[in-house]
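This report concerns only the one structure given below.
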Amino acid sequence: MNRAFSISLVALLMVAPSWSSHANAGPPPNKSSKATTEAKARSKVILVASVNKVKDLKKQIDLVRESSPVDEELVFYYSQRILIFTNQVEAVHRNVADAIKKHPNWALPYLVEADIAELEFREEDQAKYLQKALAVQPLCMNAVFKLAEMKRHTGHPTEAEAILQKALEALPRTPQSILSRREVLKELANLQKDLRDLSGATATLEEAYALKTKDALTSSKLAEVYLLAEKYQQAKAVCDQTIKDKYEDTSIYYWRAQAYFKLKKLKEAEQDLDRYLGPAFKKPNASLMHTISVESKIRKALDLRAKIYEQTGRKELARAERAHLDALQKETYENTLFRSGK
């Protein structure tokens with residue numbers, strides 16, 4: 001993940017059953033109420049929404065309070081996030097210490113401390129608190145993702161993969177955990193792609209896609225790995241189905257354009273590029289250039305459209321698009337921060 005981890009989901013939290021849910025199956029013998037309580041606590045799957053605005057955090061608290069029973073651990077987490085973003089960090093530290101004493105099975109107090117450590121660039125402390133959260137609740141998914149991300153970006157990809165695989169194996173195969181499973185699969189595929197394991201990334205994303213959670217990002221990622229593996233018809237088929245199901249975002253047209261181009265269907269590729277780029281990029285638009293990174297899909301889409309112009313004999317349009325790209329490269333360079341000598 002090349003971002004501070006954020007899942008654009010309403011907070012999801014549920015408790016997986018600790019015994020079979022078959023109709024005639026009763027609960028296991030009550031050998032120890034304490035052992036049963038601890039087992040249920042450790043089977044809890046937590047996926048919290050990573051939001052940073054106070055008004056959004058308050059909305060999350062309202063959503064939790066509308067549920068029955070109210071999960072006080074979630075209320076605590078979002079309440080402490082509000083304090084963090086209103087400059088009351090010392091109060092948060094005190095609240096976390098109290099919560100850990102009162103609720104030893106809660107993972108989210110440790111996640112709060114990890115959030116603070118991340119904001120303060122204390123990576124060792126962040127990793128320590130994430131590990132503590134997972135020691136209490138192995139299926140605290142935000143801790144799983146954060147810790148795997150840290151391992152991935154500090155040169156320990158095998159450790160990152162092990163963290164994700166362990167979570168994937170522990171997740172119950174229930175409808176309630178489907179979103180968590182999808183997110184783990186996507187992150188695992190990102191890692192596999194980085195390691196040039198295209199067959200592994202493909203299989204992982206095919207599993208995520210089969211969950212049918214109407215997630216355009218999963219479709220886009222699967223189309224991308226199909227293209228990297230030179231499976232152009234499969235890439236197009238995924239894009240076609242996603243568009244047919246009407247849960248696409250515009251980036252799906254970018255990936256289908258790439259597939260069409262490889263399949264020598266230049267007219268269809270150009271049409272999809274126009275859909276993806278939209279009216280703002282029908283012509284060179286210098287006012288938008290400073291917001292576009294050199295490696296962005298928009299830049300690559302413009303480059304592909306220039307190639308199509310060239311291959312279909314529209315030399316003037318191709319030259320204009322190339323000049324557009326040259327101006328983009330120059331402006332990107334001039335707006336780069338932290339460059340030496342600036």
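Side chains included, hydrogens not; waters and symmetry mates left out as well; all remaining heavy atoms used.
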Whether the side chain of Gln137 engages the backbone of Asn105 through a donor-acceptor N/O pair (distance < 3.5 Å, no angle test) should be reported.
yes
Assess the side chains of Lys221 and Asn190: does a donor N or O sit below 3.5 Å from an acceptor N or O?
yes
Looking at every heavy atom in both Ala201 and Val225, which two are closest together, and how far apart are they?
CB-CG1, 4.2 Å
Are Leu83 and Gln80 packed together at the side-chain level, in the sense that at least one heavy-atom pair is separated by less than 4.5 angstrom?
yes
Give a yes-or-no answer on whether the side chains of Ser199 and Thr202 include a donor-acceptor pair shorter than 3.5 Å.
no
Cationic N near anionic O, under 4.0 Å, Asp62 to Lys58:
no
One pair to check against side chain to side chain contact (heavy atoms under 4.5 Å, CB included): Leu111 and Tyr129. What are the steps and the verdict?
CA-CA 7 Å; Leu111 190 63; Tyr129 287 120; over 6 Å; no
Please tabulate, one pair per line, all N/O donor-acceptor pairs under 3.5 Å involving side-chain atoms of residues 155-163, not counting sequence neighbours.
{"residue": "His156", "atom": "ND1", "partner": "Thr154", "partner atom": "O", "Å": "3.0"}
{"residue": "His156", "atom": "ND1", "partner": "Thr154", "partner atom": "OG1", "Å": "3.4"}
{"residue": "Glu159", "atom": "OE1", "partner": "Lys151", "partner atom": "NZ", "Å": "3.1"}

Would you say the rings of Tyr276 and Tyr253 are close, in the sense that their centroids are separated by under 6.0 Å?
no
Tell me which pairs pass salt bridge (charged side-chain N to carboxylate O under 4.0 Å, His left out) where either residue lies in residues 190-200, with sequence neighbours left out.
Arg152-Asp194, Lys193-Glu224
Is the closest side-chain donor-acceptor distance between Gln60 and Asp56 under 3.5 Å?
no
Connecting only ILVMFWY residues whose side-chain heavy atoms lie within less than 4.5 Å of each other, what is the rest of Ile308's hydrophobic cluster?
Phe261, Leu266, Leu273, Leu304
So with a 6.0 Å cut-off around NZ of Lys166, is the heavy-atom count from everything else above 12?
no
Under 4.0 Å between a side-chain nitrogen and a carboxylate oxygen: does that hold for Asp303 and Lys307?
yes
Counting only N and O atoms by type, is there a donor-acceptor contact under 3.5 Å from the side chain of Ser251 to the main-chain atoms of Tyr254?
no
Do Arg81 side-chain atoms and Val51 backbone N/O form a donor-acceptor pair below 3.5 Å?
yes
Distance alone, cut at 3.5 Å: any donor-acceptor contact between the side chains of Glu73 and Tyr77?
no
Less than 4.5 Å apart, any side-chain heavy atom of Cys239 and any of Lys236?
no
